[in-house]
Asks: 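The structure that follows is given in the form of structure tokens.
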Amino acid sequence: MFKKLFRHIVFLLTLLCVTVSPYELCAQQEPVASAGTKNLTKLTFMPNWLPQAQFAGYYIARIKGFYEEEGLDVTIRHLPQGSTYSVLDCLNEGAVDIISNLLITCMTGASKGYDLVNVLQTSQHGSLVCVAQDSIGRLEDFAGRKVGIWRSGNGECAESAFMESNVKVNWIPFIRDINIFIFKAVDATLAYSYSEYLELLLCKGDIPENHVLRFSDYGYDFPEDGLYVKSSYLKENRETVEAFVRASKKGWEWAAEHKEEAVDLVWHYLKPFQTGTSKYYQSLMLDEVLRLQVKDGERSFRTIGIDEFNSLKSKLLKGGMMVNDIDYNKFTVDLLNGGNN
Amino acid sequence: MAEIINIVKKINPVELIRQNLVIRLSFFILIIAVCVFLLNNLIFWTISTKELLQSGNTNVQQKLSIAIAGIDHDLHAVETALDNVKWVVEESLGDEERLYDITRKVVSENEEISGCAIAFAPYFHKGELFFSPYSYVNYRGEIVSKQLGNINNNYHYLDWYQIPALLKEPVWSEPYFDEGGANMLMSTYSLPLIDKNGNVYAIFTADLTLSTITELVSAIKPYPTSFAFLISRNGTFVAHKDSSYIFTHTVFSAAAEEKSKDLFDVGKQMLDGQKGVYTNYTYQNDDSWFITYGPLKNKWSLAILSNYDDVIDGIKHLTWVSLAFVIIFAIILFSVTRRMMKRQLKPLVQLSDSALKIAKGDFHAELPEIETHDEMSHLKNSFEYMQKSLVTYIDELKRTTSTKERIESELRIASDIQRQMVPSVFPPFPERSDLDVFAILNPAKEVGGDLYDYFIRDNKFYFIIGDVSGKGVPAAIFMAIARSAFRYVASSEDNVALMMDKLNDSVTEGNPTNMFITMFIGKIDLQTGEFEYCNAGHNPGVVMDNDGKAEFLDLKSNLVAGVMNGFKYSGQSSHVGKGSTLLFYTDGVTEAENAAKELYSEERLLSFCSGKEFAYSEEFITSLVADVRAFANGAEQNDDITMLVIKLK
């Protein structure tokens, strides 16, 4: 009796969800309770992937109260796995106030007309790799091979690199590449060194170094994760965004200084999401993400340099991934140093 | 037992073993017996353990094979179900109703299949991007059909479609939770349908609920602490006794978190599709585990973790029982052995008591009765013989001691008599200022054979010094005879040669033992200094004048006295002036030996006398005795020493 009643309730709730906005359908509420203080400025942040240690700095800023210290009541929302919506869509349509995303994705997005301003660059290095079933020596070795690539994007660097070298690979789009690689349905697959690569590592036990091609070794050592807002939002809420940037930076710095504690906090934060990953995996991911934040021996969170911006832009324009030119000064603002570039 | 505890409490066990023969022997027997038992147990344990471990391995391998066969059977049933209707799909292409019917029939006719789909490739079915008739059992147990694909569920990029499509071969998907149903753990068997051109136009799938398989894995328990785990093709735990591992950990992330190289190695072998046993596997810091593993037909791998302790639990129990038996046996053996030893060695204790009594003087102490005819009996007989011999010996000793004491007493008397026979009062002539005489007689034994004597008659000083051959009582008696004879002869005879003749005749008569005596008789006219003397084989005296010059007296070598009756001795004469000193002595002085058997010698004596200055005769003798003793340096005196010094003033 009660079981039937319960099933009806679940069904009705599902219908209700379908009728509301797609963002509310897909977004997952964070497990940490909102501050709930009226004096705090509300802000919604959406990371560009599922809950994982890739976003440890933001979780820690939320858990340790760094956002509250800056007068913010931050809500962190994640896109659910398999969602057809992107964080760019969520930001563009005003469902969230600030997002994290890849530089290359945002540059191509900006060229397509998305209103995006980079307000903080956390990653300083390119982490894209290509993992092969057999040993590989150079890009040319992939000619005609079946290589897995995200169906939703993120593989632009690899496409550009192969295109520059006139290597035609047989791209196999995927949603998740772990199993198509493990089942040897592809000869190689793209992976980020802080996520898919680690997953593959934990599936296979080890991956010989000569099975891994790092695109950073082929002129694609471009920064990746950064924080983006719409220029209109920034104009009206500059102090709020600055506060968020400062608190987020503090969160990352705390994570770097208290790595083990940070892993514990992240693991505790992730538990309600049932991500199906291990704490060890999250620990490896945090190590790698923190490594990618260091450039020239320091964690500076420097903004994107105009030279690397132009270099990446020209590669993307040449490869056709970008269709329209974008203005460096409109795309990035150095809030940490209190002004425009 | 209580007795042993009390003994141990009272005294040091080591001392007890060392001091008590019964306990020592019992202890040795106990040690040997326990060692034999333990060795026997060890051999038994080693062989049995080896056998048990082998059979344990076999047992676990059988359990593993049975489980794998069971799972493979379930998987095979699903595969067969699709294979059997594959041709129907091929004949029903384009007919949506028949395609739905096929999926419904697959689900309805195969209890183990919870869902079935025919997912077509893009634009294959009537030019549509998605077409996938799908039937499944809903939460009410009803079979429901629907079209699976749409823009929000692009199945072409899902593993169950994409992997078999790329490989063009059937595959079992990685396990997943069925989010639309009852959140059941599922795996999908995907059979690619390929046209005659070799292109995949559809993936025919069947969903298998894994609850039966995970329950089967959980039920594998060949030993109480055993457990099984199942990992999928990408190493993810599908079944594990720790539910937090399922779908969270791969075998390698678990190995990293557990810091287990063993699990890493096992994981590599399992994912490599190998079958085997990994021994000495460390699980929770205990390396007494072993993992038996083998692949399933869908390239997953099943492993059973078992502990050697469980396998040999029976033998361990037996070993404890056996050890307990050994302890009880040891206590009984010690107790019985001790009692038996005590009984057997009781006569020894009694003999010991008797020996103690005998030692305390009870020579007639009673010996124990021994009925056996063994070593103890021999010991008792020996003891008895010893007791009797001891009694006899003691009696003999008593007699001997008594005799010895008597003889010693008599000797002491004889010694005193002998001492009194020679002048012993000095100065002998205190009224005379012209004569200083001093003499000593130190016998080597209680009594000796040396003699000296002197007297003054008619203002003439008569003296004699002699040495009887041999020592002891016979020599003393002979000396007494000679001294008495001297007194007798000298009282009436003035001529020293005639004195010697008579003295010789006197001692020769009635001398059956053929003893002899060296003698020197002298007569000094105290007024004129005329010195007459007769020597019978005696050492030459030393004459020392006023100037300190010393020389031996010129002597004729006459025959010793007591050898030939009627021998005529010839006398000699000389003159000694005032201030001269005469030293006469026996060979005990010149033949005194030191430890190196060197003699004091006449040369040394003469050297001692030369230039010697002294006021009194006694002073001279005292210093000469000291010199002889210094020469002997502690060596035993082996002859009588006699000295006579005459100093004329």
Side-chain angles (χ1 to χ4, degrees), chain A residues 3-4 6-8 10-11 14 18 22 25-26 80-85 146-152 170 172-187 189 198-207 263 267 270-271 273-285, chain B residues 138-140 150-169 171-177 179-180 182-183 190 231-237 244-259 263-272 298-299:
Chain A
K3 200 173 178 183
K4 279 186 177 178
F6 176 73
R7 284 172 181 167
H8 283 303
V10 168
F11 179 71
T14 309
V18 169
L25 171 69
C26 61
Q81 188 171 6
S83 169
T84 53
Y85 299 98
K146 287 188 280 188
V147 180
I149 187 169
W150 293 273
R151 180 170 167 263
S152 56
N170 181 8
I172 305 295
F174 61 76
I175 295 175
R176 260 177 69 77
D177 58 345
I178 304 304
N179 291 331
I180 65 168
F181 185 81
I182 294 294
F183 281 65
K184 297 186 177 177
V186 291
D187 299 312
T189 187
L198 297 175
E199 282 190 76
L200 288 173
L201 184 69
L202 293 180
C203 287
K204 291 175 70 67
D206 49 38
I207 299 173
V263 171
W267 181 242
L270 297 181
K271 267 189 175 175
F273 291 107
Q274 295 183 329
T275 57
T277 60
S278 63
K279 185 179 178 183
Y280 180 68
Y281 168 71
Q282 297 297 338
S283 165
L284 291 180
M285 178 182 283
Chain B
N138 71 5
Y139 57 88
R140 291 194 190 117
N150 57 56
I151 194 68
N152 291 324
N153 186 22
N154 188 342
Y155 58 77
H156 297 128
Y157 297 101
L158 298 180
D159 287 348
W160 60 262
Y161 182 95
Q162 194 175 26
I163 293 172
L166 286 167
L167 292 172
K168 295 184 179 176
E169 60 185 43
V171 295
W172 278 93
S173 77
E174 284 294 292
Y176 59 92
F177 280 105
E179 292 171 358
N183 207 27
S190 301
I231 59 171
S232 68
R233 199 166 166 177
N234 70 15
T236 302
F237 283 100
S244 69
Y245 276 41
I246 298 170
F247 251 59
T248 300
H249 271 297
T250 70
V251 68
F252 300 113
S253 67
E257 276 198 7
E258 291 176 14
K259 296 183 172 59
L263 183 57
F264 184 92
D265 293 342
V266 170
K268 290 294 275 185
Q269 290 167 24
M270 289 174 74
L271 290 183
D272 205 25
N298 61 349
K299 298 187 179 176

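Scope of the values below: all heavy atoms of this structure, side chains included, with no hydrogens, waters or symmetry mates. Residue numbers begin at 1 in each chain, while the letters A, B, ... track the order of the sequences.
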Asks: Give a yes or no answer on whether the side chain of B:Thr248 reaches the backbone of B:Tyr245 with a donor-acceptor pair at less than 3.5 Å.
Replies: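 Answer holds: no.
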Asks: Of the backbone (N, CA, C, O) and the side chain (C-beta and beyond), which part of B:Trp160 lies under 4.5 Å from a heavy atom of chain A, both, or neither?
Replies: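 No part of it gets close to chain A.
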Asks: Quick check: does any side chain N or O of B:Asn234 sit under 3.5 Å from a backbone N or O of A:Asn179, one acting as donor and the other as acceptor?
Replies: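 It does not hold such a pair.
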Asks: Under 4.5 Å, counting heavy-atom pairs only, tell me which of B:Lys299, B:Lys168, B:His156, B:Lys268 racks up the most with chain A.
Replies: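 Among B:Lys299, B:Lys168, B:His156, B:Lys268, the one with the most close pairs to chain A is B:Lys268.
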Asks: Is any NZ, NE, NH1 or NH2 atom of the basic residue among A:Arg176 and B:Glu174 found under 4.0 Å from an Asp or Glu carboxylate oxygen of the other?
Replies: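 B:Glu174 and A:Arg176: not salt-bridged.
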Asks: Given B:Phe237 and B:Phe247, is the ring-ring contact (aromatic ring centres under 6.0 Å, His included) satisfied, shown in steps?
Replies: CA-CA 6 Å; B:Phe237 283 100; B:Phe247 251 59; over 10 Å; no
Asks: In terms of heavy-atom proximity below 4.5 Å to chain B, should A:Lys146 be classed as side chain, backbone, both, or neither?
Replies: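 When you check distances to chain B, only side chain atoms of A:Lys146 fall under 4.5 Å.
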Asks: Checking A:Tyr281 against chain B: side chain, backbone, both or neither under 4.5 Å from a heavy atom?
Replies: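 For A:Tyr281, there is no contact with chain B at all, as no heavy atom is under 4.5 Å.
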Asks: Check whether B:Ile163 gets within reach of chain A through its side chain, its backbone, both or neither, counting any heavy atom under 4.5 Å.
Replies: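 Looking at B:Ile163, backbone and side chain both touch chain A.
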Asks: Considering non-hydrogen atoms only, spot the tightest contact between A:Ile178 and A:Cys203 and give its length.
Replies: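 The pair with the smallest heavy-atom distance is CG2-SG, 3.8 Å.
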Asks: A:Phe183, A:Tyr280, A:Phe174, A:Phe181: which one forms the most heavy-atom pairs within less than 4.5 Å of chain B?
Replies: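 Between A:Phe183, A:Tyr280, A:Phe174, A:Phe181, the count favours A:Phe183.
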